[in-house]
Amino acid sequence: MSRTVLGLDRLLTFLLGLVLLVGGAAAIAWWAGWLSQVFPGTGDRFAAGTGDAVRAGWFAAVAAAVAVVLAVLALWWLLSHLPRRGTDDLTLAGSETSGRLRLHADAPARTAADLLAAQPGVRGARGRTRTDRGELVLELRATCEPTADLHEVAAAANRISAQTRQVLGRDDVHGRVVLSIARSDRSSRVR
């Protein structure tokens with residue numbers, strides 16, 4: 001989900017909440033009779049005066065057009081909320097109009113995972129680059145042996161993640177390291 005969609009969601013939620021709040025307050029004021037004290041022309045019945053508009057010849061066509069537009073917007077809104085975790089190629093620093101430097105997004109993450117997997121106490125590691133709430137995230141996931149020194153593994157993971165982001169040369173890439181502990185220890189097995 002992109003930042004634009006998140007911003008649109010927040011704006012629409014705010015506007016819907018505002019409409020419901022004002023509408024609810026007006027309905028309570030109308031029911032209690034306070035609305036006629038503020039607006040003297042307000043009676044005890046609500047007449048919207050829509051009867052003539054509904055019977056007009058143009059009403060069906062306009063209503064159909066509005067329904068189609070709303071349906072397309074609703075479909076776009078639903079599709080924009082589908083999770084899209086993968087990323088395309090990354091454009092690296094130094095790209096200009098005459099040429100671009102592009103890198104497959106998962107390649108540096110996989111290399112970083114290979115480096116992390118070679119650390120003592122790490123059984124295996126995976127890496128990928130994904131988009132999370134509009135942010136580009138280099139994610140490393142490692143499984144550690146139960147006997148591993150987690151401080152050393154965490155320090156190595158942070159160092160490798162920072163080096164990878166530095167190699168990319170982009171300030172908009174964030175790092176995430178997820179460590180999990182294996183249930184059984186394989187490091188002490190004799191091969």
> Between T164 (side chain only) and I160 (backbone N and O only), is there a donor and an acceptor less than 3.5 Å apart?
yes
> Which pair of heavy atoms, one from P146 and one from A182, lies closest together, and at what distance?
CG-O, 3.2 Å
> Verify salt bridge (Lys or Arg N to Asp or Glu O under 4.0 Å) between D132 and R176, making sure each step is shown before the conclusion.
CA-CA 11 Å; D132 189 2; R176 178 183 299 153; 2.8 Å; yes
> List the atom of V153, the atom of P120, and the distance in Å for their closest heavy-atom pair.
CG2-O, 3.8 Å
> Looking at A113 and A125, what are the two nearest heavy atoms and their distance?
O-CB, 3.4 Å
> Could you give me the CA-CA distance, side-chain angles and deciding distance for E139 and H174, then say whether side chain to side chain contact (heavy atoms under 4.5 Å, CB included) is met?
CA-CA 8 Å; E139 184 178 275; H174 302 276; over 6 Å; no
> Can you name the closest pair of heavy atoms from P108 and L168 and give their distance?
CG-CD2, 3.8 Å
> Would you say V66 and W58 are hydrophobically clustered, going by side-chain heavy atoms of ILVMFWY under 4.5 Å?
yes
> Would you say that more than 12 heavy atoms from the other residues, nucleotides or ligands in this model lie under 6.0 Å from the CH2 of W76, or not?
yes
> Under 4.5 Å between side-chain heavy atoms, counting indirect links through other Ile/Leu/Val/Met/Phe/Trp/Tyr residues: same cluster for V137 and V177 or not?
no
> To the nearest 0.5 Å, tell me how far L179 CG sits from L140 CG.
9.0 Å
> Let me confirm one number: the OG1-CZ distance from T129 to R110, rounded to the nearest 0.5 Å.
9.0 Å
> Would you compute the distance between atom OG1 of T143 and atom CZ of R126 and round it to the nearest 0.5 angstrom?
7.0 Å
> Please find the pair of heavy atoms, one from A148 and one from G121, that lie closest to each other, and give the distance.
CB-O, 3.4 Å
> Determine, using the 4.5 Å side-chain heavy-atom cutoff (strictly less than), whether V72 and V62 are members of one ILVMFWY cluster.
no
> I'd like to know if I181 and L116 are part of one continuous hydrophobic network [Ile/Leu/Val/Met/Phe/Trp/Tyr, side-chain heavy atoms within less than 4.5 Å].
no
> Quick check for you: to the nearest 0.5 Å, what is the distance between L136 atom CG and R165 atom CZ?
11.0 Å
> If two hydrophobic side chains count as joined below 4.5 Å and joins carry through other members, does L16 share a cluster with L11?
no
> Report the distance from atom OG1 of T13 to atom CG of L8, rounding to the nearest 0.5 Å.
9.0 Å
> About how many Å separate CG of L75 and OG of S80, when rounded to the nearest 0.5 Å?
9.5 Å
